[in-house]
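Okay, so here's the structure we're looking at.
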Amino acid sequence: MARYDDMVEGFTRRLAKTVSRRSVLRALGGFLVGAAAVPVLPVKRGHAAGGAPDDETSCDYWRYCAMDGFICACCGGTARACPPGTEAAPITWVGTCRNASDGRDYIVSYNDCCGKSSCGRCLCNRNEGDRPLYLPANANDYNWCVGSKSGAPYHCTISRIMGVATK
Ligand code: ABN
């Protein structure tokens, strides 16, 4: 045991002679700053990584970014087709949504589907880029079925890709 003590003492003395306190503190500081930059736990980040960006029945679906209404995919239709017995209102509002899987921005048209009473399932209110009603092309908080045949009742909302947004 004494031999071990001598070895450690010798090593410590040699270290104390050759390494300054300041350089030890500098190295320790660098290590702590570097360690802070590395996340300790895996963390889900951002909208694209969370939720359900590819599930048409989820409000997190990427193309619903400016949605305000009941998701037609939960009401017997799909993301882009009205349920049977309803028809798309001719007046729409548009939004620009980023598709995280290809990193591109798309112009998305939102159509209210009209002809049956309110679906009541999967209410989705995300409103990215929503504008006041006096800018109707970008306003979603409005029953666009008033523009459909005989003002049929609002049922749900679909989203259709119109094209890639260019700057
Ligand atoms: N555009 C969807 C909607 C329909 C009825 C009322 C408010 C919003």
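Counting convention: from 1, in listed order, for ligands and their atoms alike. Just so we're clear, the structure is a prediction, and the values are computed from it rather than from any experiment.
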Atom 1 (N) of ligand 1: closest protein heavy atom, distance to 0.1 Å, is Tyr142 O, 2.7 Å
For Asn138 and Val94, indicate whether the former's side chain and the latter's backbone hold a donor-acceptor pair under 3.5 Å.
yes
Does any N or O atom in Asp141 lie less than 3.5 angstrom from one in ligand 1, N or O only?
no
Short list, please: which atoms of ligand 1 are under 4.0 Å from a heavy atom of Asn140?
1 (N), 2 (C), 8 (C)
Would you name the heavy atoms of Asp68 and Thr157 that are closest together and state the gap between them?
O-OG1, 4.0 Å
Output yes when Glu56 and Arg80 qualify as a salt bridge under the 4.0 Å nitrogen-oxygen rule, no when they do not.
yes
Is ligand 1 less than 4.0 angstrom away from at least one heavy atom of Trp93?
yes
Minimal non-hydrogen separation, Ala89 against Trp144, with atom names:
CB-O, 3.4 Å
Could you tell me whether Asp112 approaches ligand 1 through its side chain, its backbone, both or neither, with non-hydrogen atoms closer than 4.0 Å?
side chain
Cys72/Cys156 sulfur gamma separation below 2.5 Å:
yes
Regarding ligand 1, does Trp144 bring an N or O atom to under 3.5 Å of one of the ligand's N or O atoms?
no
For the Cys pair Cys114 and Cys145, is the SG-SG distance shorter than 2.5 Å?
yes
In the protein, what heavy atom is nearest to atom 2 (C) of ligand 1, and what distance, to one decimal place, separates them?
Asp68 O, 3.0 Å
Consider every N or O of Tyr154 and every N or O of ligand 1, then say whether any pair is closer than 3.5 Å.
no
